[in-house]
Amino acid sequence: MSNTGAGWSRGDRALAAGKLMLAWVALLWLLEVVDVATGHALDGFGVTPRDPSELVDVVPSAFIHFGFAHLAANTLPLLVLGFLAALAGLRRFLLVCALIVLVDGLGVWLISPAHTNTAGASGLIFGLFGFLLVTGFVERRPLGILAGVLIAAIWGGSILTGLAPTQTGVSWQGHLLGLLAGVAAAFAFRRRATQGSAGADWSLR
């Protein structure tokens, strides 16, 4: 499967990644405005564990937040980590996000405590962190390894805090599942170098 970014300049990739993440975050804020305006009617799209009817909320739950403070806390890390992950190609980025959201949402549905309602982009954020952390090592790319080390240095403390089971009102299960899904995505959608007549190219595996 060819990389959709083939033939794009670095500037083109950065511009496309930036536009995508700004649009993504703008959608989240718009949804929260609608949620507040409707008396928090969208909060029902969070995931309640082990209720079969809640399976339809696995994907929507990643786009819903419980208030502007919740959304504000997720906005910057989602923008930065999403932008960095999208630089390597939008199609792979969307596949990575889809895998993280699905695995994280299904895992929350399966193992979270009963009578809870889980929503927010933090599972995806933890997943993107995991993806960026290991993808350079998986693909044996020095720049990717350096990026992973820098990301760990900047965000590692916050990630570890988010995994602590002692926090109240925080789905550490969703954070952990998102992180593991991101690591799995680095292997599932790793790039490999292929030699052609025009030299090295990248393709998805």
Side-chain angles (χ1 to χ4, degrees), residues 16-87 89-113 115-132 155 158-159 162-163 167 169-185 188-189:
K19 286 181 176 180
L20 174 60
M21 292 316 303
L22 286 173
W24 193 311
V25 169
L27 173 61
L28 299 186
W29 280 87
L30 176 60
L31 288 172
E32 188 54 32
V33 169
V34 172
D35 185 43
V36 171
T38 58
H40 299 285
L42 299 185
D43 288 355
F45 286 97
V47 174
T48 300
R50 294 171 293 284
D51 181 347
S53 67
E54 290 289 307
L55 287 171
V56 297
D57 293 333
V58 162
V59 172
S61 66
F63 295 84
I64 303 301
H65 290 80
F66 299 135
F68 287 111
H70 183 202
L71 175 54
N74 283 339
T75 293
L76 182 60
L78 180 60
L79 268 175
V80 174
L81 297 178
F83 173 76
L84 293 174
L87 284 176
L90 298 188
R91 183 169 63 181
R92 182 170 78 150
F93 171 72
L94 293 175
L95 289 171
V96 167
C97 289
L99 178 62
I100 294 170
V101 168
L102 285 172
V103 171
D104 185 54
L106 289 171
V108 165
W109 180 86
L110 186 63
I111 71 171
S112 285
H115 312 299
T116 57
N117 186 20
T118 302
S122 57
L124 175 59
I125 291 167
F126 276 68
L128 292 173
F129 174 87
F131 174 78
L132 291 167
W155 300 101
S158 298
I159 294 297
L163 295 174
Q167 294 188 92
V170 175
S171 177
W172 66 267
Q173 297 94 340
H175 293 170
L176 177 60
L177 290 164
L179 180 65
L180 295 176
V183 172
F189 301 117

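Quick note: residue numbers are just sequence positions, from 1. The shown structure was predicted, so the numbers you read here are calculated from the model rather than taken from an experiment.
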[X] and [Y]: which non-hydrogen atoms are nearest, and at how many Å?
{"X": "S61", "Y": "T118", "value": "CB-O, 3.8 Å"}
{"X": "D57", "Y": "G44", "value": "OD2-O, 3.4 Å"}
{"X": "P113", "Y": "R50", "value": "C-NH2, 3.7 Å"}
{"X": "L78", "Y": "M21", "value": "O-CE, 3.4 Å"}
{"X": "A85", "Y": "L128", "value": "CB-CD2, 4.1 Å"}
{"X": "I125", "Y": "N74", "value": "CD1-O, 3.4 Å"}

Distance, nearest 0.5 Å, that separates [atom1] of [X] from [atom2] of [Y]:
{"X": "L179", "Y": "S122", "atom1": "CG", "atom2": "OG", "answer": "12.0 Å"}
{"X": "L180", "Y": "I100", "atom1": "CG", "atom2": "CD1", "answer": "11.0 Å"}
{"X": "Q173", "Y": "L163", "atom1": "CD", "atom2": "CG", "answer": "11.0 Å"}
{"X": "D104", "Y": "L99", "atom1": "CG", "atom2": "CG", "answer": "10.5 Å"}
{"X": "H40", "Y": "H65", "atom1": "NE2", "atom2": "NE2", "answer": "14.0 Å"}
{"X": "L22", "Y": "L27", "atom1": "CG", "atom2": "CG", "answer": "12.5 Å"}

Full working for side-chain contact (heavy atoms from CB on, under 4.5 Å) between W29 and T75 | CA-CA 9 Å; W29 280 87; T75 293; 3.1 Å; yes

L87 and F83: side-chain contact (heavy atoms from CB on, under 4.5 Å), yes or no, with the steps?
-> CA-CA 6 Å; L87 284 176; F83 173 76; 3.8 Å; yes

Donor-acceptor pair, E54 side chain versus T48 backbone, under 3.5 Å?
->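 Pair found, side chain donor or acceptor close to backbone of T48.
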
Ignoring hydrogens and angles, tell me if any N or O in the side chain of D35 forms a donor-acceptor pair with the backbone of I64 under 3.5 Å.
->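 Flag not set: sc D35 to bb I64 has no pair under 3.5 Å.
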
Going by the side-chain contact (heavy atoms from CB on, under 4.5 Å) test, name the single residue among W155, F131, F126 that passes it with L81.
-> W155

Verdict with reasoning, W24 to C97, per side-chain contact (heavy atoms from CB on, under 4.5 Å) | CA-CA 12 Å; W24 193 311; C97 289; 3.9 Å; yes

Go through V36 and F68 one step at a time and tell me if the side-chain contact (heavy atoms from CB on, under 4.5 Å) criterion holds.
-> CA-CA 9 Å; V36 171; F68 287 111; 3.6 Å; yes

